[in-house]
Amino acid sequence: MIDIKLLREDPERVRASQRARGEDDGIVDAIVAAEQAHRSSLTEFERLRTEQKSIGKQVARAQGEEKQALLGQTKELAARVRQLQADADAAQTELGDLLRQVGNLVEDGVPVGGEDDYTVLETVGEPPQFDFDAKDHLALGESLAAIDMERGAKVGGSRFYFLTGVGARLELALLNMGMAQAVEHGFTPMITPTLVKTEVMAGAGFIDKHADEVYRLEADDLFLTGTSEVALAGYHADEILDLSAGPRRYAGWSACYRREAGSHGKDTRGIIRVHQFHKVEMFTYCRVEDAAAEHQRLLAWEKEMLAKVELPYRVIDTAAGDLGGPAARKFDCEAWVPTQGRYRELTSTSNCTTYQARRLNTRERDPYGSGTRAVATLNGTLATTRWIVAILENHQQADGSVRVPTALQPFLGLDVLKPV
RNA sequence: GGAGGCGUCGCCUAGUCCGGUCUAUGGCGCCGCACUGCUAAUGCGGUUUGGGUUUAUCGCCCAUCGAGGGUUCAAAUCCCUCCGCCUCCGCCA
């Protein structure tokens, strides 16, 4: 949720952000009108409520006829107060509904446009040249007895899989390496709930426009999360944090669930796009002034991980229309996938500024004045199951084996994966 | 799943039976000031959060006693639903 004070004071900035996203900028005027309507109904309610309370005190002291007279006077007033309160509540709900439709203010410098309008910020490493027929990750995974899609489908349906033997060990090694790096940089490791309440899911911004991408357990009114970001965003909901000593950083380890409702036929082979995977996710709470710098730090830590697994990749600055509601800016690191001849997303880091925190009511004491203000939240990927795709393909050798990147070897306990 | 207990403005706590003087008590902590070689101690004042009003300060007003409804002129207090925590029993990874 964006700051309504900012919208009131600088509506043009919000309009510009909406246009950059390819969204309706007329909503800004609708919000201004809804806020005025809310305020006037609230003022009217408060005026009568004051009167009602004042008479109430007289009633408490009065006796006999005088009391009866006052009661007659205030009964009618009570009904009006009730109505005005209902009006004010309705106006507030309407205002909130409108406000929640507005995406976060896009950061300056973000490319305008949609999914294909990203900017490539940097390309790191060279795609490998093979003097043999390169196999794709599934062929490799099967010959290494690392991935079993068939039985995954038998048990869970399409887009489910088993990681077996070295495949399972590889995933654990990767995630553990991610966790170890996070700890080294001062993150608090967290194993998070993957089922969350509606308020948390909505607060993190995962319901509004992408509701069909998340699993919902109707019988229990819970959502399965697609990332530990959701639980970590909810972790400090309704709290006032002390960020005077610097950012609070958490590294969440969790299973992640995605319905992939809109992607029929896309990436159907292998484990690139699956309903369940595992991830280590960085999550930061910091002051809004520090958010842009923290975003760069998260990106740097993602790059550190990618360097450790020795993958060629590029960094893109996602265009405004592809940001999603909560993010003000998003950088993705995409690794080269040889058999596809293109880069595929392995990490994604978003600066959500105060958008999630405002919805989840996560605040700090205002360092520049009295009262409280919303904190900033950011997130970024350290490792996921999908990384296995790029590791297998980029490090495959002529004999069908796969070289294990040096940094990963201590976590895996192997320096090469051999066909069985 | 069953039985019982509990949830008050950072923490602890009074108030709930019997609705109005609750503008929510007291302690701890914290902040400010005073006093004092310094510290400590002591004294005085302040200290939920959100919103409205105000150029701003001071102030005033509204909401907020786990959440949401209801009864009532009036709800921390009575009723209903839900949530969470604790104890015990049962069942089970």
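Here is the naming used below: chain letters follow the sequence lines, and residue numbers restart at 1 for every chain. Just so we're clear, the structure is a prediction, and the values are computed from it rather than from any experiment. As a basis for the values below, the full set of heavy atoms in this structure was taken, side chains included, without hydrogen atoms, waters or symmetry mates.
- When the P atom is compared between B:G15 and B:C83, the two are found 29 Å apart, to the nearest whole Å.
- Applying the salt bridge (charged side-chain N to carboxylate O under 4.0 Å, His left out) test to every pair with at least one member in residues 175-202 of chain A, sequence neighbours left out, gives no pairs at all.
- Contact of the A:Leu105 side chain with the A:Arg13 side chain is registered, since non-hydrogen atoms from C-beta on lie closer than 4.5 Å.
- When both distances must be under 3.5 Å, the Watson-Crick or G-U wobble mate of B:C6 is B:G84.
- When the P atom is used for both B:G84 and B:G29, the distance is 35 Å, rounded to whole Å.
- At whole-Å resolution of the value, CZ in A:Arg80 and C1' in B:C73 are 15 Å apart.
- Comparing the C1' positions of B:U81 and B:A93 gives an interatomic distance of 32 Å, to the nearest angstrom.
- Pair assignment for B:A63 gives B:U49, based on Watson-Crick or G-U wobble hydrogen-bonding distances that are each under 3.5 Å.
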Exercise answer: donor-acceptor pairs, residues 404-419 of chain A side-chain atoms, under 3.5 Å, sequence neighbours excluded:
residue	atom	partner	partner atom	Å
A:Gln409	NE2	A:Val404	O	2.8

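- Separation of the C1' atoms belonging to B:A24 and B:C65 is 8 Å when rounded to the nearest angstrom.
- Look at the C1' atom in both B:U77 and B:U16: the space between them is 4 Å, to the nearest Å.
- Listed by chain and residue number, nothing satisfies the side chain to side chain donor-acceptor pair (under 3.5 Å) test with A:Ser254 (two or more places apart in sequence, or in another chain).
- For the P atom pair drawn from B:C73 and B:A67, the interatomic distance equals 25 Å after rounding to whole Å.
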Can you check nucleotides 20-25 of chain B for protein contacts, nitrogen or oxygen pairs under 3.5 Å, and list what you find?
residue	atom	partner	partner atom	Å
B:G20	N2	A:Gly56	O	3.2

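- B:U54 makes up no base pair with any nucleotide shown, lacking Watson-Crick or G-U wobble contacts both under 3.5 Å.
- Across all strands shown, B:U21 remains unpaired; no Watson-Crick or G-U wobble contact has both distances below 3.5 Å.
- For A:Gln52 and B:C73, the shortest distance from a side-chain N or O to OP1 or OP2 is not below 4.0 Å.
- Base-pair partner of B:A34: B:U42 (Watson-Crick or G-U wobble, both distances under 3.5 Å).
- Ring centroid separation for the pair A:His236 and A:Tyr285 comes in under the 6.0 Å cut-off.
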Sugar-phosphate means primed atoms, P, OP1 and OP2; the rest is base. With that split, encode nucleotides 49-69 of chain B 5' to 3' as B, S or - using protein heavy atoms under 4.0 Å.
SSBSS-------SBS------
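- Applying the salt bridge (Lys or Arg N to Asp or Glu O under 4.0 Å) rule to A:Glu345 yields no partners; only residues at least two apart in sequence or on another chain are considered.
- Whole-Å rounding puts the A:Asp221 CG to B:C82 C1' distance at 12 Å.
- For A:His278 and A:Glu171, the side-chain atoms include at least one donor-acceptor pair closer than 3.5 Å.
- Residue pairs meeting the salt bridge (charged side-chain N to carboxylate O under 4.0 Å, His left out) criterion with at least one member in residues 320-334 of chain A, sequence neighbours excluded, are A:Glu107-A:Arg329, A:Arg314-A:Glu334, A:Asp317-A:Arg329.
- In terms of the salt bridge (Lys or Arg N to Asp or Glu O under 4.0 Å) criterion, A:Arg248 has no residue partners (sequence neighbours excluded).
- Between B:G50 and B:U64, the distance separating the two C1' atoms is 8 Å to the nearest Å.
- Of the C1' atoms belonging to B:C80 and B:G10, the separation is 33 Å, rounded to the nearest Å.
- Applying the salt bridge (charged side-chain N to carboxylate O under 4.0 Å, His left out) test to pairs two or more places apart or on separate chains, those with a residue in residues 261-276 of chain A are A:Asp136-A:Arg269, A:Glu260-A:Arg273, A:Asp267-A:Arg273, A:Asp267-A:Arg344.
- As judged by a 4.0 angstrom heavy-atom cut-off over every strand, A:Glu76 is placed among residues making no nucleic acid contact.
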